[in-house]
Amino acid sequence: MSTQVKNRFLVSAGLAFFLTHTMQIGIGVLGYERYIAKDAGYDAWISIIITGLSIHIILWMMYSMMNKENGDLIAIHRRVFGKWVGGALSFFFVIYFLTLGITVLRSYIETVQAWMFPNLNMTLFLLVFLTLIYYTVSGGFRVVTGVAFFGVLLPSFLLFFLYFPFRYGQWDFLQPVLNHSPKEIFASSKVAVLEYIGFEVLLIIYPFIKNPEKSQKWAQLGILFSTFIYVMVAIASFVYFSEEQLERKIWATLSMFKIVEFPFVERFEYIAIATWILIIFPNICIALWCSSRAMKQLVPISQRKLLIGMIIISFAVNLYLRDRQLIDVFITTISQAGLYILYVYIPILFILFHLKFRRSS
């Protein structure tokens with residue numbers, strides 16, 4: 001049941017680092033500190049590390065299945081559940097990846113509206129942005145991977161600006177360490193999971209990686225780098241804001257950029273928001289590529305035609321999500337779906353697959 005892809009469409013195993021990392025660092029990092037600190041306070045940086053470790057295990061499970069099947073999630077579903085049930089489950093993932101891309105785009109638009117342009121013409125913005133997405137994704141997986149590479153590399157200069165909150169922060173805020181119960185830290189870890197979702201795209205991308213079994217170490221390194229960034233940003237926020245201040249900060253990371261001042265730039269957070277488009281752009285491209293690729297394997301329609309359909313759906317849903325409560329419900333639903341996929345569905349699929357594989361062998 002292996003999925004064979006022509007050599008000219010493959011990317012090197014090392015690029016799994018960028019594909020994994022770029023899917024995990026999205027719009028959520030701009031304001032996740034308030035949510036993870038709700039249960040565990042400033043011990044929440046420990047929760048991030050615990051969550052990161054659990055994600056490494058989930059990734060190992062995914063690679064264990066894909067290496068044995070030598071194929072993607074669609075092939076695994078067919079082996080375990082058969083054509084029709086497996087197809088239905090694969091279709092669920094088509095919807096999941098599509099909504100993942102929509103969520104990232106809508107969240108970014110909301111940030112731009114809140115910080116820069118309250119009267120942003122959303123229709124025009126979506127038309128331009130989604131046209132660029134179509135142009136990139138229709139170029140093929142190698143183009144999407146190139147965008148992911150630069151999407152990690154180019155905005156990385158923003159990390160150096162964590163120096164300012166570290167310099168002016170109150171390190172006493174972190175004391176005492178481990179002041180919360182294991183139950184509270186676990187609750188915070190559960191919230192932190194939502195920042196890691198997205199790397200499941202590897203379940204679809206796998207056949208497009210050269211020597212894919214060797215890419216696992218790079219994907220694991222991508223997750224490790226994501227954990228490092230989340231911990232650094234969380235600690236920077238925790239030492240800079242008191243707990244009372246943090247409760248009122250919806251975008252704590254963006255608020256920290258406000259303290260950066262140069263003679264030629266007064267509002268550095270505007271540069272950060274504009275730069276963030278380089279981070280979310282590959283995020284959306286990969287999500288839509290995976291969605292259209294998975295759908296192509298279920299129905300005999302070209303991926304470009306399917307991509308056009310998904311771009312139109314993204315456009316319509318983004319326009320529909322104008323009310324703040326609707327956006328919250330949409331984002332929460334996708335986040336919860338990601339949580340159950342990682343910690344319930346993949347472990348169950350892992351067990352069923354290995355039972356089936358052993359029996360058929």
Side-chain angles (χ1 to χ4, degrees), residues 20 22-40 44 47-59 61-62 73 77 88-111 183-204 223 226-227 230 234 250-252 280 283-284 286-288 290-291 294 310 313-314 316-318 320-352:
T20 306
T22 197
M23 285 306 295
Q24 291 185 318
I25 302 293
I27 202 74
V29 73
L30 294 178
Y32 71 106
E33 301 95 319
R34 184 174 69 140
Y35 301 102
I36 60 170
K38 191 175 178 182
D39 292 299
S47 311
I48 299 171
I49 295 174
I50 292 171
T51 305
L53 291 173
S54 69
I55 294 293
H56 284 292
I57 297 170
I58 300 291
L59 182 67
M61 288 182 181
M62 286 165 48
L73 181 68
H77 276 158
L89 289 167
S90 297
F91 182 70
F92 168 78
F93 275 84
V94 169
I95 303 294
Y96 173 67
F97 290 129
L98 175 62
T99 48
L100 206 60
I102 293 172
T103 304
V104 174
L105 180 54
R106 189 62 190 90
S107 302
Y108 181 73
I109 290 173
E110 190 185 21
T111 308
K183 186 181 176 183
E184 289 169 325
I185 291 178
F186 176 76
S188 173
S189 297
K190 190 178 169 185
V191 177
V193 170
L194 307 180
E195 306 307 321
Y196 282 90
I197 63 173
F199 73 100
E200 312 87 280
V201 294
L202 286 167
L203 288 165
I204 305 297
I223 290 171
S226 300
T227 304
Y230 281 130
I250 298 174
W251 288 284
I280 63 123
N283 213 308
I284 299 165
I286 296 170
L288 290 186
C290 287
S291 181
M310 286 166 185
I313 293 171
S314 301
V317 174
N318 271 286
Y320 175 71
L321 294 173
R322 288 182 180 272
D323 181 66
R324 177 62 214 164
Q325 284 185 329
L326 265 179
I327 296 170
D328 262 346
V329 170
F330 190 78
I331 293 173
T332 305
T333 305
I334 301 308
S335 302
Q336 291 297 320
L339 183 72
Y340 286 111
I341 284 172
L342 291 186
Y343 289 92
V344 178
Y345 184 70
I346 289 179
I348 291 174
L349 185 64
F350 172 80
I351 294 168
L352 292 176

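Just so you know, these numbers use all the heavy atoms, side chains as well, and skip hydrogens, waters and symmetry mates.
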Heavy-atom closest pair, residues [X] and [Y]:
X    : Y    : value
I197 : L339 : CG2-N, 4.4 Å
C290 : V201 : SG-CB, 3.6 Å
E33  : A234 : CG-CA, 4.1 Å
I58  : P347 : CD1-CG, 4.4 Å

Considering only heavy atoms from C-beta outward, does the side chain of [X] approach that of [Y] to under 4.5 Å?
X    : Y    : result
I204 : F93  : no
I102 : I284 : no
K183 : D39  : no
R34  : I250 : yes

Value rounded to 0.5 Å, distance of [atom1] in [X] from [atom2] in [Y]:
X    : Y    : atom1 : atom2 : result
K190 : Y343 : NZ    : OH    : 11.5 Å
L98  : S314 : CG    : OG    : 5.0 Å
I286 : F97  : CD1   : CZ    : 11.0 Å
L53  : I49  : CG    : CD1   : 7.5 Å
L203 : L59  : CG    : CG    : 9.0 Å
Y96  : E200 : OH    : CD    : 3.5 Å

Hey, is the main chain of [Y] close enough, under 3.5 Å, to the side chain of [X] for a donor-acceptor pair?
X    : Y    : value
S291 : A287 : no
R106 : L321 : yes
S188 : A40  : no
T20  : I223 : no
S189 : I50  : no

When the side chains of residues 329-336 are checked against the rest of the protein, which donor-acceptor pairs come out under 3.5 Å, sequence neighbours left out?
| from | atom 1 | to | atom 2 | distance (Å) |
| --- | --- | --- | --- | --- |
| T332 | OG1 | D328 | O | 2.6 |
| T333 | OG1 | V329 | O | 2.6 |
| S335 | OG | I331 | O | 2.8 |

Practice task
Give the intermediate values and the outcome of side chain to side chain contact (heavy atoms under 4.5 Å, CB included) for residues M62 and F199.
Solution key: CA-CA 10 Å; M62 286 165 48; F199 73 100; 3.6 Å; yes
Exercise for the section: Check whether more than 12 heavy atoms from other residues, nucleotides or ligands sit under 6.0 Å from atom OH of Y320, and answer yes or no. Expected result: no
Practice task
Check the pair L100 / N283 against side chain to side chain contact (heavy atoms under 4.5 Å, CB included), numbers first and verdict last.
Solution key: CA-CA 9 Å; L100 206 60; N283 213 308; 5.9 Å; no
Using residues 22-29 as the side-chain source, report each donor-acceptor pair under 3.5 Å to any protein atom, sequence neighbours left out, with the distance given to one decimal.
| from | atom 1 | to | atom 2 | distance (Å) |
| --- | --- | --- | --- | --- |
| Q24 | OE1 | S226 | OG | 2.8 |
| Q24 | NE2 | Y196 | O | 3.2 |

Problem - F92 ring center near Y345 ring center (under 6.0 Å) - result: no
